[in-house]
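Notes follow the structure.
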Amino acid sequence: MSATIRIAVVITLVAALVASTSTAASAQFGGGDSMRGMGIALAASTPNGTFGDQVKMGMGLVYQNGGITNSATWAPRSSFSFDRFPGKGTLDNLQLIGGGFDFLHRSTSSFYQFGGIILSSATYTYTGGASSGTGGRNGSNFGLNGGIGVNFGSESGTRTFIEFAATTLFTGAENSNWFPIRFGLRF
């Protein structure tokens, strides 16, 4: 499956998630057309360590549902993400599709911290394609995610946010580590 088709599939899945959760979010957060508790972000990810020797800086898309509302200090949040890293050498690219669960802690109305777990499906594509016998491989990995975030704007409306995170996937003898910076909208 080509990268363009994979990206189209991911965007379709995110749109389906948004559509399926908007009715539940509307009922949960006061009716109307409210989608309170939902966030969508673009990510730029810097690989680290051995993982950085295999891939270049990557891009991603993240859908988040849940989080801190009103005066709560702690709250859960689920997420769905798609990350793509261009490869180095014989690795053409690495694509990760995953889901996770975080706990958030709010320090102020704008500043928060988060930490949680992720489960990701990885697709490695190598140069030369399947005809050369190198094609690709797939795998599923468990990992950890954590970081800090800042919300901008009024709590009662749509807000922009930025998150600085650290992600580790347990991928064997050498873990895959990267630092995503996410910029998005929270409804």
Side-chain angles (χ1 to χ4, degrees), residues 6-48 56-85 95-121 142-169 176-187:
R6 286 186 187 134
I7 291 170
V9 167
V10 168
I11 291 171
T12 303
L13 288 173
V14 169
L17 281 171
V18 170
S20 68
T21 60
S22 62
T23 303
S26 176
Q28 182 179 1
F29 296 110
D33 291 327
S34 171
M35 294 189 294
R36 189 103 168 109
M38 183 188 82
I40 298 175
L42 293 175
S45 302
T46 304
N48 188 34
K56 301 174 189 173
M57 183 174 174
M59 300 296 289
L61 177 67
V62 179
Y63 166 78
Q64 301 169 337
N65 193 13
I68 297 172
T69 59
N70 303 325
S71 62
T73 304
W74 290 91
R77 172 178 77 180
S78 62
S79 64
F80 174 80
S81 63
F82 172 78
D83 294 288
R84 185 175 191 279
F85 294 91
Q95 296 181 29
L96 302 161
I97 297 175
F101 184 75
D102 295 328
F103 280 105
L104 283 81
H105 175 263
R106 177 166 58 180
S107 298
T108 68
S109 63
S110 296
F111 185 70
Y112 59 96
Q113 306 83 40
F114 60 93
I117 59 172
I118 54 175
L119 182 61
S120 187
S121 174
F142 169 77
L144 300 173
N145 183 47
I148 59 172
V150 179
N151 290 314
F152 302 96
S154 168
E155 283 191 60
S156 61
T158 301
R159 304 175 89 178
T160 56
F161 68 92
I162 189 166
E163 290 183 349
F164 300 93
T167 302
T168 296
L169 279 182
S176 297
N177 305 303
W178 68 93
F179 298 104
I181 298 173
R182 302 178 188 122
F183 181 76
L185 293 174
R186 191 172 321 286
F187 303 96

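Only heavy atoms go into these numbers, but all of them, side chains included; no hydrogens, no water, no symmetry mates. Position 1 is the first residue of the sequence; numbering continues from there.
Note that the CG atom of N48 and the OG1 atom of T168 stand 8.5 Å from one another [nearest 0.5 Å]. The line from CG of L185 to CZ of F161 is 7.5 Å long, rounded to the nearest 0.5 Å. Summarising the geometry, atom CD1 belonging to I181 is positioned 7.0 Å from atom CE belonging to M57; distances are rounded to the nearest 0.5 Å. Interatomic distance, Q64 CD to I40 CD1, rounded to the nearest 0.5 Å: 9.5 Å. T160 contributes atom OG1, which lies 5.0 Å from atom CZ of F183 (distance to the nearest 0.5 angstrom). Once rounded to the nearest 0.5 Å, the distance linking CG of L61 with CG of L42 reads 6.0 Å.
R159 places a side-chain N or O within 3.5 Å of a backbone atom of G153 that can act as its donor or acceptor partner.
The heavy-atom pair separating E163 from Y112 by the smallest distance is OE2-OH, 2.8 Å. When all heavy atoms of P47 and W178 are compared, the pair lying nearest together is CA-CB, 3.8 Å. Contact record, Q113 with S107: NE2-OG, 2.7 Å, taken as the closest heavy-atom pair. In plain terms, the two heavy atoms of G149 and F114 that are nearest each other are N-CE2, 4.4 Å. Between P76 and L104, the shortest heavy-atom contact is C-CD1, 4.4 Å. Minimum interatomic distance between V62 and S79 (heavy atoms only, all atoms of both residues): CG1-CB, 4.5 Å.
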Run the side chain to side chain contact (heavy atoms under 4.5 Å, CB included) check on M59 and R84 step by step: do they pass? CA-CA 6 Å; M59 300 296 289; R84 185 175 191 279; 5.8 Å; no
Report the C-alpha separation of L169 and L96 in whole Å, then their side-chain angles, then the decisive distance to 0.1 Å, and conclude whether the side chain to side chain contact (heavy atoms under 4.5 Å, CB included) test is met. CA-CA 10 Å; L169 279 182; L96 302 161; 4.0 Å; yes
Hey, mind stepping through I118 and L144 against side chain to side chain contact (heavy atoms under 4.5 Å, CB included) and telling me if it holds? CA-CA 6 Å; I118 54 175; L144 300 173; over 6 Å; no
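Listed by chain and number, the residues in a ring-ring contact (aromatic ring centres under 6.0 Å, His included) with F101 are F103 (sequence neighbours excluded).
Considering only heavy atoms from C-beta on, F80 comes within 4.5 Å of I97 through its side chain.
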